[in-house]
Structures are given as C-alpha cells and as structure tokens.
*Asks:* 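If you scroll down you'll find the structure; I have some questions about it.
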Amino acid sequence: MADQQENIQGKINNILWQACDTFRGKIDSSIYKDYILVMLFVKYLSDTYKERLDEYKNRYRGDEERIKRAMSRERFVLDEISTFDYLYSQRNNSEIGMIINKALEHLENENTGKLRGVFRNIDFNSEAILGKPKERNAMLKTLLEDFNKLDLRPSVVGHDDIIGNSYQYMIERFASDAGKKGGEFFTPSMVSELLARLVKPQENDRIYDPTCGSGSLLIRVVNQVPNRKVAVYGQERNGQTHSLALMNMYLHGIDDAKILWGDTLSNPLHLEDGKLMKFQVIVANPPFSLDKWAMGFSADKADDDKPFKMEASLDPYRRFEWGFRQVQRGIMPLSNTCFTLWRKMDGWR
C-alpha cells in the first residue's frame with residue numbers, strides 16, 4: 001500500500017514539474033509558480049467535487065433536490081463553469097484567459113467564507129506577464145492539457161496527504177529555483193521540521209507564525225500533534241504568498257486556519273479585546289535582513305522636512321521598548337507574546 005501511494009505521489013510530482021516547461025524560458029519561476037499552484041488547487045477541488053457528485057447521484061438515484069442539498073454541504077462548492085473539466089473543454093477558445101479568470105471569480109463567490117480574495121493576485125489574461133493573445137492562449141492551452149493528465153479524485157489518490165505533499169513539493173522546488181529569494185515564501189523542510197519538534201505543540205494549543213510565508217512551517221508544527229486538534233494563526237505581508245498559504249492549508253486538510261494578509265510589524269491583525277493575541281506556540285522565519293522593516297510606521301509620522309526615523313513610541317502595542325536598539329543594529333523585533341516560544345522550549349507554560 002505504501003509503495004502504491006509512493007508511486008502515485010511520484011507520478012503527480014513528475015507531471016506537475018513537467019507542466020512547468022510550459023513557462024520555462026518565457027517567465028521567471030517566481031511568477032509562473034502561482035499559475036501552476038492555482039491550477040493544481042482548481043484541479044483538486046474539481047476532481048473531488050466531481051467524485052462526490054457521482055456518489056450522491058448513485059445514492060439518491062438521480063433525485064436532483066437531494067443531490068443539490070448534499071453537495072451544498074461539501075467543503076467547497078463549484079458551479080459548472082468553475083470546474084476544471086469546463087476549462088479544459090474551452091482550451092481552444094480565444095478568450096481562454098478570461099474564461100479561467102471568470103472561473104476563479106465564481107469559485108471565490110461560491111466559497112466566500114474560505115476563498116475570499118485568494119485569487120485576487122493571479123491573472124490568467126495578463127498581457128504583461130503571459131504575452132500577446134496568440135502566445136498566451138498557446139501557453140494556457142498547453143497548461144490545461146498538462147493538468148488533464150492528472151486524476152486527483154480521492155478514490156484514485158487514496159491518502160489525503162498526497163495532494164498536500166505535491167503542493168509542498170512544488171513550493172519547495174520553486175523556492176530552490178528562486179535561490180535566495182525563495183526564502184521569502186518557503187522555509188527549508190529540515191529547518192521547519194527541527195523547529196516543529198523543538199516547540200513540542202500540544203493538543204488545544206494556539207499556534208502562530210507572524211511571517212508565515214506559504215505556511216509550510218505552520219503545517220509542520222500542526223503535524224506534530226497526532227489528532228491535529230490545534231488552532232492555527234498566521235499573517236503574511238505579500239499578497240501572492242498569502243494566497244499560497246491559504247491554498248496550502250486547505251490542501252493539507254486545515255480548513256479553520258486564520259491566515260491574514262498584512263504587515264505584522266506595523267499592523268498586527270490577530271487581536272483580542274484590542275490587545276495582541278497570545279499563543280502557546282510561536283514559530284517564525286522572519287526577514288532578518290530587511291533594511292526598511294519599519295516602513296509601515298512612516299505614515300503615522302508625517303513630517304516632510306525630516307527623514308523618517310523609527311521610534312518605539314509609534315507602536316501602540318509597545319512591542320519595541322525592550323529591543324529597539326538591537327533592531328537598529330539589524331535584529332528584527334518580535335512582539336512580547338513571542339517570548340512564549342522560549343518559555344515553552346524551556347518547559348515553561
């Protein structure tokens with residue numbers, strides 16, 4: 001059984017990596033990764049939805065009302081034009097880029113509680129990125145044909161983790177391809193695994209990553225808890241990477257993660273009663289070398305005559321009073337709640 005799953009995993013990974021040939025030499029991998037990963041997400045949702053629909057058709061013997069009611073309770077709801085099969089049928093359409101964009105828009109609208117804004121930073125009809133219509137349409141047609149080789153139905157894939165692992169595999173490959181810049185959205189798996197084991201998360205813990213990137217580190221920590229009964233929180237400044245994190249969570253079966261979009265330093269979004277939320281476990285791979293880390297505070301100090309200079313008093317949450325001088329020497333600030341990590345590593349609660 002394990003060998004069969006390994007073979008399935010390998011086949012999926014190979015097809016995905018081959019699909020990247022559609023873009024190689026034309027677009028930088030840091031850009032085209034979003035097209036590959038979004039299409040993987042759509043294919044997974046579509047194949048899962050299609051299989052569940054077939055199951056309900058057989059169970060309810062074609063009773064449309066009961067089928068519709070049952071499908072409305074699924075994790076994700078798709079209408080016809082949001083399915084991969086529909087997109088594939090339109091692969092020769094001269095407006096295929098617009099058709100894919102429309103499908104993503106419908107997918108968001110049908111699942112606003114989970115997918116609101118997830119696809120906002122991806123444009124399959126972008127001339128600036130994908131080129132003139134003829135070239136763009138050829139690439140999108142090839143991309144759809146590549147993904148049509150995948151069968152991601154649960155009955156075929158078997159183990160739930162396989163799709164999530166493939167998504168993680170692709171993120172890791174893209175990060176490796178991007179070199180140093182890949183660290184902006186992916187923490188190396190061995191580093192993530194080490195951190196996850198060091199913090200020893202427990203059932204019912206709140207787990208937080210203030211610079212969560214694509215979410216790989218958070219997922220590693222969650223997987224340390226056998227029943228995964230934990231609360232997951234994260235924040236990410238880059239809009240595209242935030243979208244990757246949300247999709248990553250869903251593909252790993254973490255549907256209730258609260259991953260928010262924004263600059264954690266100047267605008268922390270996880271609050272309780274107007275104060276910073278506290279957590280049992282905090283992990284992070286923050287951008288230590290970021291020179292302009294305080295840029296988000298500059299709007300709060302409008303003085304055109306003097307260059308902006310960060311002051312601890314600009315932060316309403318008083319996070320930098322103990323470490324601000326160190327920050328100016330190149331050490332990134334962490335909120336007071338981050339000391340929870342060290343307490344936990346020392347065995348404190």
Side-chain angles (χ1 to χ4, degrees), residues 9 12-13 15-17 19-20 29-49 74-78 82-84 87 100-101 103-124 143-144 146-147 150 152 154 157 160-175 178 182 184-187 189 192 209 211-223 228 232-262:
Q9 185 81 75
I12 292 172
N13 291 353
I15 291 174
L16 290 173
W17 194 240
C20 296
S29 62
S30 64
I31 296 174
Y32 76 67
K33 77 178 189 304
D34 299 324
Y35 293 91
I36 296 289
L37 295 172
V38 166
M39 193 56 67
L40 172 60
F41 187 66
V42 171
K43 186 67 164 73
Y44 163 73
L45 295 187
S46 185
D47 284 2
T48 302
Y49 191 82
E74 289 295 303
R75 285 177 69 201
F76 296 94
V77 177
L78 283 72
S82 299
T83 64
F84 178 84
L87 297 179
I100 296 175
N101 283 347
L104 297 179
E105 181 183 348
H106 274 250
L107 195 53
E108 280 195 18
N109 291 338
E110 293 293 323
N111 302 275
T112 53
K114 292 181 178 178
L115 300 180
R116 184 193 301 274
V118 169
F119 307 116
R120 64 178 164 256
N121 294 299
I122 186 80
D123 183 2
F124 280 83
L143 181 67
L144 290 166
D146 287 335
F147 272 86
L150 290 173
L152 303 182
V157 173
D160 290 342
D161 287 341
I162 284 181
I163 306 300
N165 290 343
S166 292
Y167 192 87
Q168 197 77 8
Y169 163 82
M170 293 302 293
I171 290 178
E172 187 167 0
R173 291 295 296 266
F174 285 127
E184 294 177 7
F185 58 85
F186 182 76
T187 302
S189 56
S192 295
D209 185 342
T211 57
C212 70
S214 57
S216 60
L217 177 53
L218 274 173
I219 290 169
R220 291 272 183 175
V221 178
V222 171
N223 287 339
R228 301 175 116 206
V232 180
Y233 301 83
Q235 188 165 335
E236 170 57 36
R237 180 178 179 178
N238 184 294
Q240 289 175 303
T241 307
H242 170 258
S243 296
L244 296 185
L246 287 172
M247 289 187 281
N248 204 6
M249 292 294 158
Y250 293 133
L251 289 175
H252 282 86
I254 306 172
D255 285 7
D256 55 355
K258 295 176 178 60
I259 310 296
L260 303 180
W261 179 26

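It should be emphasised that the depicted structure is a prediction, and the values quoted were computed from it without experimental measurement. All residue numbers refer to positions in the sequence shown, counting from 1.
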*Asks:* Is it true that S214 and N248 share a donor-acceptor pair across their side chains at a distance under 3.5 Å?
*Replies:*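 Judged by distance alone, the side chains do not pair up.
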*Asks:* To the nearest 0.5 Å, what is the distance between OH (Y169) and CZ (R173)?
*Replies:*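 If I round to the nearest 0.5 Å, the distance is 4.0 Å.
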*Asks:* Donor-acceptor pair, distance only, cut-off 3.5 Å: does the side chain of E108 make one with the backbone of R116?
*Replies:*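 No: the side chain of E108 does not pair with the backbone of R116.
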*Asks:* Any side-chain heavy-atom pair from Y250 and R75 closer than 4.5 angstrom?
*Replies:*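 Heavy-atom side-chain distance check passes, below 4.5 Å.
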*Asks:* Tell me whether N111 contacts the main-chain N or O of K114 through its side chain, where contact means a donor paired with an acceptor under 3.5 Å.
*Replies:*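 It does not hold such a pair.
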*Asks:* Mind checking whether I219 and L217 have side chains closer than 4.5 Å, heavy atoms only?
*Replies:*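 Counting from C-beta outward, I219 and L217 never come under 4.5 Å.
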*Asks:* Please determine, by modelled atom types, if N121 and Q240 share a side-chain donor-acceptor pair under 3.5 angstrom.
*Replies:*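 No pair is found: no donor N or O on one side chain lies under 3.5 Å from an acceptor on the other.
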*Asks:* Please check: side-chain N/O of Q9 versus main-chain N/O of I162, any donor-acceptor pairing under 3.5 Å?
*Replies:*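 The answer is yes, because a donor-acceptor pair under 3.5 Å joins these two groups.
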*Asks:* Can you check whether R237's main-chain N or O pairs, donor with acceptor, with H242's side chain at less than 3.5 Å?
*Replies:*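 No, because the side chain of H242 does not come within donor-acceptor range (under 3.5 Å) of the backbone of R237.
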*Asks:* List the atom of I12, the atom of S166, and the distance in Å for their closest heavy-atom pair.
*Replies:*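 Minimum heavy-atom contact is CG2-OG, 3.3 Å.
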*Asks:* What pair of heavy atoms forms the shortest contact from L218 to C212, and how long is it?
*Replies:*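 In terms of heavy atoms, the two residues are closest at CD1-CB, 4.0 Å.
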*Asks:* I want to know whether Y44 and Y167 have ring centres closer than 6.0 Å.
*Replies:*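 Ring centres of Y167 and Y44 not closer than 6.0 Å.
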*Asks:* I'd like to know if the side chain of S46 and the backbone of F84 have a donor-acceptor N/O pair within less than 3.5 Å.
*Replies:*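 Here the side-chain-to-backbone pair exists.
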*Asks:* Taking all heavy atoms of K43 and all of L150, pick out the closest pair and write down the distance.
*Replies:*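 It is NZ-O, 2.7 Å.
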*Asks:* Could you tell me the separation between the CD atom of E236 and the CH2 atom of W261, rounded to the nearest 0.5 Å?
*Replies:*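 The CH2 atom of W261 is 11.0 Å from CD of E236, to the nearest 0.5 Å.
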*Asks:* Exactly one of L87, I15, I36, L152 should register a side-chain contact (heavy atoms from CB on, under 4.5 Å) with F147. Which one does?
*Replies:*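 Only one of L87, I15, I36, L152 forms a side-chain contact (heavy atoms from CB on, under 4.5 Å) with F147, namely I36.
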*Asks:* Please report whether the ring centroid of F76 lies less than 6.0 Å from that of Y49.
*Replies:*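 That pair fails the under 6.0 Å test.
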*Asks:* What pair of heavy atoms forms the shortest contact from N223 to R228, and how long is it?
*Replies:*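 Shortest heavy-atom separation between N223 and R228 comes out as OD1-NH2, 2.9 Å.
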*Asks:* If you compare all heavy atoms of Q168 against all heavy atoms of H252, which two are closest, and at what distance to 0.1 Å?
*Replies:*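 In this case the closest contact between Q168 and H252 is OE1-CE1, 3.7 Å.
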*Asks:* How many angstroms lie between atom CE of M170 and atom CG of L244, to the nearest 0.5 angstrom?
*Replies:*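 Reported value, rounded in 0.5 Å steps: 11.5 Å.
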*Asks:* Which value, rounded to the nearest 0.5 Å, describes the distance between S243 atom OG and F41 atom CZ?
*Replies:*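 That separation rounds to 10.5 Å.
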*Asks:* Is there a donor-acceptor contact under 3.5 Å from the side chain of Y35 to the main chain of D123?
*Replies:*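 It does hold such a pair.
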